[in-house]
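Side-chain atoms are counted along with the backbone in the values below, which use heavy atoms only and exclude waters and symmetry mates.
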Amino acid sequence: MSVMPPPPYREDLVKAEILAMLGPRPLNRSQIAARLGLGAATVSEHTRRLIELGFLRELPPEVSGRGRPKVPLQVVPDAAYTLGLRVHPDHVLGVLARLDGGEVSRFTRPFSPGRDPVGQLAAACEDVLRDPATGSRVLGIGLAVPGVIDPGTGTVRLSPRMGWTGLPLQPPLAERLPVPVLIDNDTRASTTGELLYGTGRDHDDFLVLAIGDGVGMGIVLGRRVHRGPDGVAGEFGHVPTGPDGPPCVCGRRGCVDAYVADYGLAGQAVARGLVPAPPPLEELRRLAAADAPGVRDLLAEAGEVLGRAVAGVVNVLAVRALTVIGESHVLWPYLAPGFHRSVEAGVIAALPELEITLRPWDDSGHARGAASLVLAASLAS
């Protein structure tokens, strides 16, 4: 069985960071060191290893003024691939990614969490690994799963949306598949993608706020994705806001999820008499766009709850950037007014203004994050 736990330390991420940085353009070693804030010797050692692996190549030297010529380095994008899967209650979406983060292909398959999940996931992966053009170059497989995930043991501790409790998902998959397998929470998987290819290019410390059928938070401190003991960190949707709030899927009341997650917004819309039945996300967006009575007020209030909770985290961690991802990004124009008011009122004056970025989203987002996890873990040594 191949076990590939996520890399916990900055040093373990350097090779993946170099590949991600060189994806858009070649850079020489001095430029890499300056942009990553690393010493020349460290960069030389990591790039040497990547060249030996065939993942980087040297380009002709560039002569500029006096001094030794600079040798640009370029990613060999198709030297290897990573496979990431987003596991959803009714389907699995997979993305095969190049070393530079580019997408080779994707697939979607129906999925039933209660019917031999290991067999279904293994079959999806085996189809990709059998491809004669790319299968032999797959470094590993990453799974992005909603819920409380322990990446160290490969166990889904609790996933209400999947109906799983204490499910050891990674070990039997690793036994069945010929390449390493790892698993993590879907938001943390996408946070690793942001660290390598997005917000992490400008910030060493930042938050990723995921809004959709649940609310999660990825935390990056010192270029390290924080997971906490047994993978529990990031359950932002279960931050309590008050004991008398609406019911949450966790069994308590007043969690952020109960106000902001898709099911929470739909339930509140019914409770307020705005709609006769819980509306799907797209219908809620349509009602907001049409300025249906009370809907924009509902979303603005949900944004306020979300903003107050985020402000508390910002005050504790003193981060300067927040990236918003997830299916519910389509509601952001209506959540944002209340959110920004609460953040501005709640973040202490001693901290700089929070940089907030809304990331365009589609169903492959968490799968691409899972592929990033594999890249980081497979190059950790």
Side-chain angles (χ1 to χ4, degrees), residues 2 4-7 9-29 31-33 35-36 38 42-60 71-86 93-107 125 128-144 177-182 184 189-201 223 225 364-381:
S2 297
M4 185 169 59
Y9 300 115
R10 168 74 199 278
E11 181 68 16
D12 294 330
L13 286 170
V14 171
K15 293 185 186 69
E17 288 183 305
I18 290 172
L19 291 176
M21 176 173 291
L22 292 177
R25 74 196 70 78
L27 297 171
N28 61 52
R29 291 170 177 83
Q31 291 170 320
I32 294 170
R35 296 192 184 193
L36 290 179
L38 297 171
T42 298
V43 170
S44 293
E45 175 59 26
H46 286 293
T47 55
R48 179 191 64 78
R49 179 59 180 148
L50 289 169
I51 291 170
E52 289 175 352
L53 290 169
F55 296 169
L56 287 184
R57 59 184 163 221
E58 293 184 327
L59 299 180
V71 179
L73 299 174
Q74 183 180 56
V75 177
V76 184
D78 289 295
Y81 305 104
T82 56
L83 176 60
L85 272 62
R86 188 257 176 118
L93 188 146
V95 167
L96 186 67
R98 298 181 175 91
L99 289 177
D100 61 0
E103 185 176 313
V104 179
S105 61
R106 70 170 66 181
F107 65 86
C125 296
V128 176
L129 296 175
R130 279 194 292 264
D131 187 323
T134 57
S136 63
R137 282 174 282 167
V138 174
L139 294 173
I141 297 165
L143 304 178
L177 297 170
V179 296
V181 177
L182 64 87
D184 208 344
S190 286
T191 299
T192 302
E194 280 292 331
L195 175 59
L196 294 177
Y197 301 105
T199 310
R201 287 183 167 167
R223 305 198 65 78
V225 178
S364 67
H366 289 316
R368 293 195 303 271
S372 298
L373 267 176
V374 175
L375 181 66
S378 61
L379 297 176
S381 59

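- For A20 against R201, the heavy-atom pair with the smallest separation is O-NH2, 2.6 Å.
- The two residues C125 and L85 come nearest to each other via the heavy atoms SG-CD2, 3.8 Å.
- Residue E17 holds its CD atom at 4.0 Å from CZ of R223, rounded to the nearest 0.5 Å.
- Looking at every heavy atom in both residues, A97 comes nearest to A371 through CB-CB, 4.1 Å.
- Counting heavy atoms from C-beta on, the side chains of V128 and Y81 never come closer than 4.5 Å.
- The backbone N or O of A80 sits nowhere less than 3.5 Å from a side-chain atom of R98 that would complete a donor-acceptor pair.
- Note that the CD atom of Q74 and the CG atom of L56 stand 9.5 Å from one another [nearest 0.5 Å].
- Listed here is the closest heavy atom pair of V95 and E103: CG1-CG, 3.8 Å.
- In this structure, E45 does not pair ionically with R49, as no charged nitrogen and carboxylate oxygen lie closer than 4.0 Å.
- Using a 4.5 Å cut-off on side-chain heavy atoms (C-beta onward), L196 and L19 make no contact.
- The two residues A370 and G84 make their nearest non-hydrogen contact at CB-CA, 3.8 Å.
- Of the inter-residue distances, the one linking F55 atom CZ with L139 atom CG reads 5.0 Å to the nearest 0.5 angstrom.
- Just one of I141, T82, D184 meets the side chain to side chain contact (heavy atoms under 4.5 Å, CB included) condition when paired with L373; it is D184.
- For the pair P26 and L22, the tightest heavy-atom approach, listed with the atom from each and the gap, is C-CD2, 4.2 Å.
- Atom OG1 in T47 sits 10.0 Å away from atom CD in E52 (nearest 0.5 Å).
- Looking only at side-chain heavy atoms (C-beta outward), L379 and L50 come within less than 4.5 Å of each other.
- R368 contributes no side-chain N or O that, together with a main-chain N or O of G193, makes up a donor-acceptor pair within less than 3.5 Å.
- The CD atom of E58 sits 6.0 Å away from the CG atom of L73 when rounded to the nearest 0.5 Å.
- To the nearest 0.5 Å, atom CG of residue L36 and atom CE of residue M21 are 3.5 Å apart.
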- Verdict with reasoning, V138 to D131, per side chain to side chain contact (heavy atoms under 4.5 Å, CB included): CA-CA 10 Å; V138 174; D131 187 323; over 6 Å; no

- Message: Evaluate V76 against L99 for side chain to side chain contact (heavy atoms under 4.5 Å, CB included), listing each step before the verdict.
- Response: CA-CA 7 Å; V76 184; L99 289 177; 5.6 Å; no

